[in-house]
Amino acid sequence: GGPASVYGPDAPRGPEGLLETGLPTLGICYGMQYMAHELGGRVEEGACEDYGSAKLLIKENTDIFRHLASGSQIDCWMSRGDLVLDVPLGFVPAASTPNTPIAAMFDRERKLYAVQFHPEAAHTQGGAEMLVNFVFDICGCQANWTISSFIEDKVADIRRQVGDGRLVCGLSGGVDSAAAAALVYKAVGDQLTCIFVDHGLLRAGEGEEVARTFRRDFHIPLVHVDARERFLTRLQGVADPEAKRKIIGEEFIRVFEEEAAKIPNVKFLVQGTLYSDVIESGTSTAEGIKSHHNVGGLPEDMELELVEPLRDLFKDEVRKLAGELGLPDDIIWRQPFPGPGLAVRIIGEVTLAKLHILQQADKIVTDEIKAYGLARQIWQYFAVLSDTRTVGVQGDKRTYGHLVAIRAVRSEDAMTADWARLPHDLLDKMARRIVNEVDGVNRVVYDISSKPPSTIEWE
Ligand code: XMP
């Protein structure tokens, strides 16, 4: 997929002869338009776009749709601009949605398959099975990749890459960096030193908790750096989201380099970068959405070589890996937290006062969701401090206070997400507590946007 149009000047193209190899091929989204265009079908530019959830009508229960009944309707995730109007010779239309008359097309003879929607998105019902049908039945692949074989391969890769060099790893408290550290520790033992940079943009009490947990659960040497003032100073007066991300990313690595310089012979930096981070920061074909600070914001003069053993994994796989490596549940199930921390949840300039407000509001959201027993079912839940002020009345007095938003989403891999249908009594309790307990806040809203078109974080 991708936002390109087959008619654009830089439209991505497959290698010459790709569609004539006789190999099974599945085109998704732009891939379907590309296939139709290359093979003599008709693609219309920008006609009646189709975004978000759509009802997909299955014409026949064959091939990638073999687990679905003919004539059945399922929810699928659509995100397209252009539209395939006529299939190329040899293809049959295989599914449709109200806005996309040809939402799938198959040429069984040439083993060419294409879908306009996104089977890989969690919101496509039975989408994973479609991929399973393609990979196993049509391509004839075997499932011999397991987490333990992954660990074995990675341990060997890491040993090969680093030799007897020393490594540092940034721990954030989240499952990604913890799993990366544990995996590297398994490979090279105490060649690894973990560094926990407290940039002050963490949730309430989290800094102390991270240090405690890692000292207790791991026997890996851990350096705890209090860099709170340093980050706040650099963020002074900066309101642009990308500028904030870049500053935090750079500062983070600089602090690292300073700490790493104190350890003799450090050559490598371990990072828990996931595949979703790599995609969202823009691969050669996927468009950049935001610069995730463990990928896009690296300063060019960085002196350490990167070790990123989780680069090919999605979050669910990392959780399995973390379990296999023996990490405790509270780390495995900690909700994902962005590298730039609360800075991307404070709209506009980050100040100490705003940080305090957000930490208090966020703690209320977190505590209430946990108390309601929903923590495991919701991918992420947090508070956002907007830069909007609104008029309110408290104790018969006019107030002009901050607007806090609550965000709670369901997701499988952060690539797509839907807002969580939280019970009204829970929302009510969180909102009441926030306006009553957090000074300076007089209004709370609930964010009901899905991703796409929004993103999970506000910045
Ligand atoms: P968005 O906001 O892009 O977020 O929908 C997708 C997922 O990534 C997390 N996120 C980050 N993680 N460094 C990270 O390690 C970052 O800079 C970053 N920005 C966003 C976000 O919390 C969500 O889980």
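Keep in mind that the numbers below use all heavy atoms, side chains included, and drop hydrogens, waters and symmetry copies. Remember, it's 1-based here, ligands and their atoms both numbered in the order they're listed.
- If you look at His123 and Trp77, their ring centroids are closer than 6.0 Å.
- Remark: among candidates Arg345, Glu457, Arg407, the nearest residue to atom 22 (O) of ligand 1 is Glu457, based on non-hydrogen atoms.
- For ligand 1, the polar-atom distance check finds no N/O of Phe337 at less than 3.5 Å from any of the ligand's N/O atoms.
- A cation-pi arrangement is absent between Arg407 and Tyr381 under the rule of less than 6.0 angstrom and at most 45 degrees off the ring axis.
- Less than 4.0 angstrom separates some heavy atom of Pro336 from each of these atoms of ligand 1: 24 (O).
- For ligand 1, the atoms closer than 4.0 angstrom to any heavy atom of Thr455 are 1 (P), 2 (O), 5 (O).
- At least one cation-pi condition fails for Arg166 and Phe268: the charged atom is not both under 6.0 angstrom from the six-membered ring centre and inside a 45 degree cone around its axis.
- Some N or O of Gly339 is nearer than 3.5 Å to an N or O of ligand 1, by distance alone.
- Set against the non-hydrogen atoms of Lys451, the atoms of ligand 1 under 4.0 Å away are 1 (P), 3 (O), 5 (O), 6 (C).
- Near Arg245, the atoms of ligand 1 lying under 4.0 angstrom from a non-hydrogen atom of the residue are 16 (C), 17 (O), 18 (C), 19 (N), 20 (C).
- Relative orientation of the Phe252 and Phe256 rings is tilted, given thresholds of 30° and 60° on the angle between their planes.
- Ring geometry for His199 versus Phe231: interplanar angle over 60°, hence perpendicular rather than tilted (30 to 60°).
- Of the options Pro340, Ala414, Ala417, the smallest heavy-atom separation from atom 7 (C) of ligand 1 is shown by Ala414.
- Taking the ring centre of Trp379 as origin, the terminal cationic atom of Arg334 falls outside the region bounded by 6.0 Å and 45° from the ring axis.
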